[in-house]
Amino acid sequence: MKYIIGLDMGITSVGFATMMLDEKDEPCRILRMGSRIFEAAENPKDGSSLAAPRRENRSMRRRLRRKRHRKERIRALIINNGIMTATQIDEIYESKNQLTDIYQIRSEALDRCLNTEEFVRLLIHLSQRRGFKSNRKADTQEKNSEAGKLLSAVSANHQLMEEKGYRTIGEMLYKDEKFAGYKRNKADDYSNTFARSEYEDEIKAIFRSQRELGNPYTTDKLMEDYLAIYLSQRSFDEGPGGNSPYGGNQIEKMIGKCTLEENEKRAAKATYSFEYFNLLTKINSIKSISDGEKRALSDSERQAIIQLAFSKNAINYASLRKTLHMTDSERFNISYSQSDKTTDEIEKKTKFAYLTAFHTFKKAYGNAFVDWPTEKKNHLAYALTAYRNDSSIIYGYVGPVSSGFRVLVTKTRRRKN
């Protein structure tokens, strides 16, 4: 006896049905059906993952560890450049000392020469405040996410700084009434967020002003070394450094082997070859049903659907019916079980989209993308899948390339792929 098993897997249940097959390998009788229900692995109050608290705590530990390490490297830089000794730095922060407001020093650093103690305090203070830098271009389109809220605050503060003519973040934090109450973010309040690039601009402005005002330590070499530590950040798609077993590109490590070509990796979903294969597979599975009889599509009907899929991305089964010139009595092999919906409504609701990445690339690059060789299309799709920032996409995988190709890659990343 031949049979097939169908599974409907959800987050709280798995439904199954075992169907007997006739001599034509078509389902003819239900042998067994049912479901297994279990609790969802999520918080019942808000639907969040049960692992979320552990993940958030781990992220906090990592942030604190990285900040501490950055501060240690800044202290070593100060010591190695002969600005102060380790003992002298520790003495600055002894509880008996009355220290000037560091935000006042940040503001005045643009107009007067700082003494050695003030300059060292400023370097250490700034190393602990780097501002916000998004890892994903798509964050700009997700207004309700945490990253979206942070970016909104960054934009508002940048506009305020330009409107009131503040030269740096430090000057605005010290002088503007908006920040008189507090200068750091609070829980669920991201209004005091600034871009990392603006902090970088402030550091350069302070070094430039101090150099002009006669500070002997503000050399170009010290500024370059300071910024190298200040801006250092491992790429989002890389694991830890050193000899860690989790080092390297974590996305590439998760790519499995092809089940047919054991020496080849599986293709990315966005590659042209996979999308085209997936489209053909789906088209070959479409059946036309009329008076209880099923038939496969003809070659000309298949070609018509292929042309439709390449012409536009927003396709549903109503579009396929129109393209195939089907009669009202014909049906597709899809579910029409919704009793409150008409056939036309069901077919309009049932999507048929199998070249999503192709149309995204076409929108970014124009019609020229259509004429690209398949290998080049696959190459680009893999780079954008396996890497998560522009520099690693361009240099980590593609290698040294022309500026024109860099522009195309950057343009595509901005279109949320």
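- One side chain, Ser337 or Ser335, offers a donor N or O that lies under 3.5 Å from an acceptor on the other.
- At a cut-off of 3.5 Å, with distance as the only test, no side-chain donor of Thr168 or Asp201 sits close to an acceptor on the other residue.
- In this model, no donor atom of one side chain and acceptor atom of the other lie less than 3.5 Å apart for Glu42 and Ser49.
- Separation of atoms OH (Tyr93) and CG (Leu99) is listed at 8.0 Å; rounding is to 0.5 Å.
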Practice item. Show your working on ring pair (Phe, Tyr, Trp, His ring centres under 6.0 Å) between Tyr272 and Trp372 and close with a plain yes or no. Key: CA-CA 11 Å; Tyr272 175 80; Trp372 282 17; over 10 Å; no
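- Within 6.0 Å of CG on Asp328 lie no more than 12 heavy atoms contributed by other residues, nucleotides or ligands.
- Listed for the Asn81 side chain is no donor-acceptor partner under 3.5 Å among the backbone atoms of Ile83.
- Here the closest non-hydrogen pair linking Ile102 and Arg121 is CB-NH2, 3.7 Å.
- In this model, a donor atom of one side chain and an acceptor atom of the other lie less than 3.5 Å apart for Glu347 and Tyr336.
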Point to revise | Pair Thr271-Ser273, side-chain hydrogen bond (donor to acceptor under 3.5 Å, both in side chains): steps then yes or no | key: CA-CA 6 Å; Thr271 56; Ser273 294; 5.7 Å; no
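- With Phe16 as the aromatic partner, Arg36 does not meet the cation-pi criteria of under 6.0 angstrom to the ring centre and within 45 degrees of the ring axis.
- Residues Met223 and Thr218 fail the side-chain proximity criterion, which asks for heavy atoms closer than 4.5 Å.
- Summarising the geometry of Ala381 relative to Thr385, their closest heavy-atom pair is O-OG1, 2.7 Å, with the distance given to 0.1 Å.
- Shown here is Asn263, whose CG atom has no more than 12 heavy atoms of other residues, nucleotides or ligands within 6.0 Å.
- A donor-acceptor contact shorter than 3.5 Å is absent between the side chain of Ser155 and the backbone of Leu151.
- Met33 has its side chain out of reach of Thr18: every pair of non-hydrogen atoms, C-beta onward, lies at least 4.5 Å apart.
- A donor-acceptor distance shorter than 3.5 angstrom exists from the side chain of Asn57 to the backbone of Pro53, with no hydrogens or angles considered.
- Counting only N and O atoms by type, the side chains of Glu108 and Gln104 include a donor and acceptor under 3.5 Å apart.
- A pairwise comparison of heavy atoms in Ser209 and Ala109 identifies CB-O, 3.8 Å as the closest pair.
- Separation of atoms CD1 (Ile169) and NE2 (His158) is listed at 10.5 Å; rounding is to 0.5 Å.
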**Study point:** Derivation of the side-chain contact (heavy atoms from CB on, under 4.5 Å) call for Ser288 and Lys294
**Key:** CA-CA 6 Å; Ser288 173; Lys294 287 185 180 181; over 6 Å; no
Practice item. Go through Tyr354 and Asn313 one step at a time and tell me if the side-chain hydrogen bond (donor to acceptor under 3.5 Å, both in side chains) criterion holds. Key: CA-CA 8 Å; Tyr354 286 86; Asn313 188 34; over 6 Å; no
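- Residue Arg65 holds its CZ atom at 8.5 Å from CZ of Arg61, rounded to the nearest 0.5 Å.
- Formation of a donor-acceptor pair under 3.5 Å by the Arg70 side chain with backbone atoms of Ser127 is found in this model.
- Of all the heavy atoms in Leu114 and Gln210, the pair that sits closest is N-OE1, 2.9 Å.
- Taking CD1 of Ile206 as the start and CG of Leu110 as the end, the distance is 6.0 Å to the nearest 0.5 Å.
- For the pair His359 and Glu275, the minimum side-chain heavy-atom distance is 4.5 Å or more.
- Geometrically, Lys377 engages Phe369 in a cation-pi contact, judged by NZ or CZ lying under 6.0 Å from the ring centre and within 45° of the ring axis.
- Between Met19 and Tyr3 there is no side-chain heavy-atom pair separated by less than 4.5 Å.
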Point to revise | side-chain contact (heavy atoms from CB on, under 4.5 Å) between Val14 and Asp8, intermediate numbers included | key: CA-CA 6 Å; Val14 176; Asp8 178 16; over 6 Å; no
Point to revise | Pair Glu163-Gln159, side-chain hydrogen bond (donor to acceptor under 3.5 Å, both in side chains): steps then yes or no | key: CA-CA 6 Å; Glu163 288 176 353; Gln159 184 177 354; 3.1 Å; yes
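- We find that Arg167 and Asp111 are joined by a salt bridge, their nearest charged nitrogen and carboxylate oxygen being less than 4.0 Å apart.
- Atom NZ of Lys322 is surrounded by 12 or fewer heavy atoms from other residues, nucleotides or ligands within 6.0 Å.
- Looking only at atom types and distance, the side chain of Arg196 has a donor-acceptor partner in the side chain of Gln233 under 3.5 Å away.
- Taking all atoms of both residues into account, the shortest heavy-atom contact from Leu122 to Tyr226 is O-OH, 4.5 Å.
- With a 4.5 Å cut-off on side-chain heavy atoms, Ile11 and Phe38 do not count as touching.
- Formation of a donor-acceptor pair under 3.5 Å by the Gln128 side chain with backbone atoms of Ile124 is found in this model.
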Exercise for review: Report the C-alpha separation of Glu375 and His379 in whole Å, then their side-chain angles, then the decisive distance to 0.1 Å, and conclude whether the side-chain hydrogen bond (donor to acceptor under 3.5 Å, both in side chains) test is met.
Suggested key: CA-CA 6 Å; Glu375 184 179 358; His379 194 69; over 6 Å; no
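- A donor atom on one side chain and an acceptor atom on the other are found under 3.5 Å apart for Tyr166 and Asp176.
- Applying the salt bridge (Lys or Arg N to Asp or Glu O under 4.0 Å) definition to pairs two or more places apart or across chains, those involving residues 348-362 are Asp344-Lys348.
- In this structure, Val154 and Phe194 approach most closely via the heavy-atom pair CG2-C, 3.8 Å.
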Exercise for review: In sequence, state the C-alpha distance, the side-chain angles, and the governing distance for Phe274 and Arg266, and then conclude on side-chain contact (heavy atoms from CB on, under 4.5 Å).
Suggested key: CA-CA 10 Å; Phe274 173 78; Arg266 295 176 181 174; over 6 Å; no
Check your understanding: Taking it one step at a time, do Phe310 and Phe358 satisfy side-chain contact (heavy atoms from CB on, under 4.5 Å)?
Key -> CA-CA 8 Å; Phe310 275 101; Phe358 171 85; 3.7 Å; yes
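- Residues Leu227 and Lys204 are in side-chain contact: their nearest non-hydrogen atoms beyond the backbone lie under 4.5 Å apart.
- Within the 4.5 Å cutoff, side-chain heavy atoms of Leu126 are placed close to those of Arg106.
- The CZ atom of Arg129 sits 7.0 Å away from the NZ atom of Lys67 when rounded to the nearest 0.5 Å.
- Although no hydrogens or angles enter the test, the distance criterion places no donor-acceptor pair under 3.5 Å between the side chain of Asp225 and the main chain of Leu77.
- Remark: Asn316 CG to Ile346 CD1 distance equals 12.5 Å, nearest 0.5 Å.
- Tested against Leu324, the residues Glu301, Glu330, Arg302 include a single side-chain contact (heavy atoms from CB on, under 4.5 Å) partner, Glu301.
- Two residues are said to be in side-chain contact when any heavy atoms from C-beta on lie closer than 4.5 Å; Ile203 and Leu123 fail this criterion.
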